Amino acid sequence: MKYVAQWTIMGILCVFGTQQAQAQHATGGHQMTPAAELKWAPSDALPAGSQIAVIQGPLNEAKPFIAQVKFPANAKVPAHSHSALEHVTVLSGVFNMGVGDKLDASKTQPLGPGSVSIMQPGTNHFAWVGEESVVQIHGVGPWTVTYVNPADDPRKTK
């Protein structure tokens, strides 16, 4: 029987998400956040050096969320799935993404700026980048990350 550890990716950033929402500009019900004002924080659930900026959230509640994730050059995200529908839009760099139970670079599709990926809940997928890359994710939470192989979970090594 395959053991799959399920973790809430943003449990530790829940407070951060609330603070982030308060720090953004709100005018007449509209939110406007210039890129220079995004609040980046490390993400323990993603490869070392990855950072996340929660724009709308928090991600661990049944509410709409938007976040940007910045991956350092040569980052690899092992096979994992999410509990919620995941919409990914590549903002910069090249995000190589594939579907399956184990990261296999030969089975990925390169997605450049403006490219979109939509993953259904429970779909095992993986990714890697060669250069620093930024993606924007959005959906309706709670949004969790479940690594196919619990040993691949970066939270286990910290």
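Note that the coordinates shown come from a computational prediction; the quantities given were computed from them, not determined experimentally. In this chain, residues are counted from 1 in sequence order.
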Task: Nearest heavy-atom neighbours spanning His82 and Trp143 - done: CE1-CZ2, 3.1 Å
Open item on the list: My understanding is that only residues two or more places apart in sequence, or in another chain, count here; which of them pass side chain to side chain donor-acceptor pair (under 3.5 Å) with Ser50?
Closed with: none
Task: same_hphob_cluster(Leu103, Met119) at 4.5 Å side-chain heavy-atom cutoff - done: no
- [ ] Take the angle between the ring planes of His125 and His80 and call it parallel below 30°, perpendicular above 60°, tilted in between.
- [x] tilted
Open item on the list: Among residues at least two apart in sequence or on other chains, which ones pass side chain to side chain contact (heavy atoms under 4.5 Å, CB included) with Gln136?
Closed with: Ile55, Ile66, Gln68, Leu91
- [ ] Could you give me the CA-CA distance, side-chain angles and deciding distance for Ser117 and Leu111, then say whether side chain to side chain contact (heavy atoms under 4.5 Å, CB included) is met?
- [x] CA-CA 8 Å; Ser117 171; Leu111 301 172; 4.1 Å; yes
Open item on the list: Do Pro78 and Val148 have side chains that approach each other closer than 4.5 Å (heavy atoms only, starting at C-beta)?
Closed with: no
Open item on the list: Counting C-beta onward and ignoring hydrogens, is there a side-chain heavy-atom pair between Thr123 and Val99 closer than 4.5 Å?
Closed with: yes
Open item on the list: Can you tell me how far apart CD1 (Ile52) and CG (Asp44) are? Round to the nearest 0.5 Å.
Closed with: 11.0 Å
Open item on the list: Test your reading of the model: is there a side-chain donor-acceptor pair from Tyr147 to the backbone of Ala45, 3.5 Å cut-off?
Closed with: yes
Task: Counterpart residues, side chain to side chain donor-acceptor pair (under 3.5 Å), relative to Asp104 (two or more places apart) - done: Ser106
Open item on the list: Can you give me the closest heavy-atom contact between Phe65 and Leu59, atom names plus distance?
Closed with: CD1-CD2, 2.9 Å
- [ ] Kindly state each residue pair satisfying salt bridge (charged side-chain N to carboxylate O under 4.0 Å, His left out) with at least one member in residues 67-92, sequence neighbours excluded.
- [x] none
- [ ] Return the minimal non-hydrogen interatomic distance between Ala84 and Pro142, and the atom names on each side.
- [x] CB-O, 3.5 Å
Task: Qualifying side chain to side chain donor-acceptor pair (under 3.5 Å) pairs with a residue from residues 88-98, counting only residues at least two apart or across chains - done: none
Task: Note, Gln120 side chain near Leu85 side chain (heavy atom, < 4.5 Å) - done: yes
Taking only distance into account, with no hydrogens and no angle test, what donor-acceptor pairs under 3.5 Å do side-chain atoms of residues 126-134 form with protein atoms, sequence neighbours excluded?
unit_1 : atom_1 : unit_2 : atom_2 : d
Trp128 : NE1    : Thr108 : OG1    : 3.2
Ser133 : OG     : Val94  : N      : 3.2
Ser133 : OG     : Val94  : O      : 3.3
Ser133 : OG     : Glu131 : O      : 2.9

Open item on the list: Is any side-chain heavy atom of Gln56 closer than 4.5 Å to one of Val54?
Closed with: no
Open item on the list: According to ring-ring contact (aromatic ring centres under 6.0 Å, His included), does anything in residues 84-115 pair up with another residue at least two apart or in another chain? List the pairs.
Closed with: Phe71-Phe95, His87-His138
Task: Least distance between heavy atoms, Pro72 atom then Ala48 atom - done: CG-O, 3.4 Å
Open item on the list: For Pro121 versus Ser83, what's the shortest heavy-atom pair and its separation?
Closed with: CB-O, 3.7 Å
Task: Nearest non-hydrogen partners of Pro154 and Pro47, listed with the distance - done: CG-N, 4.5 Å
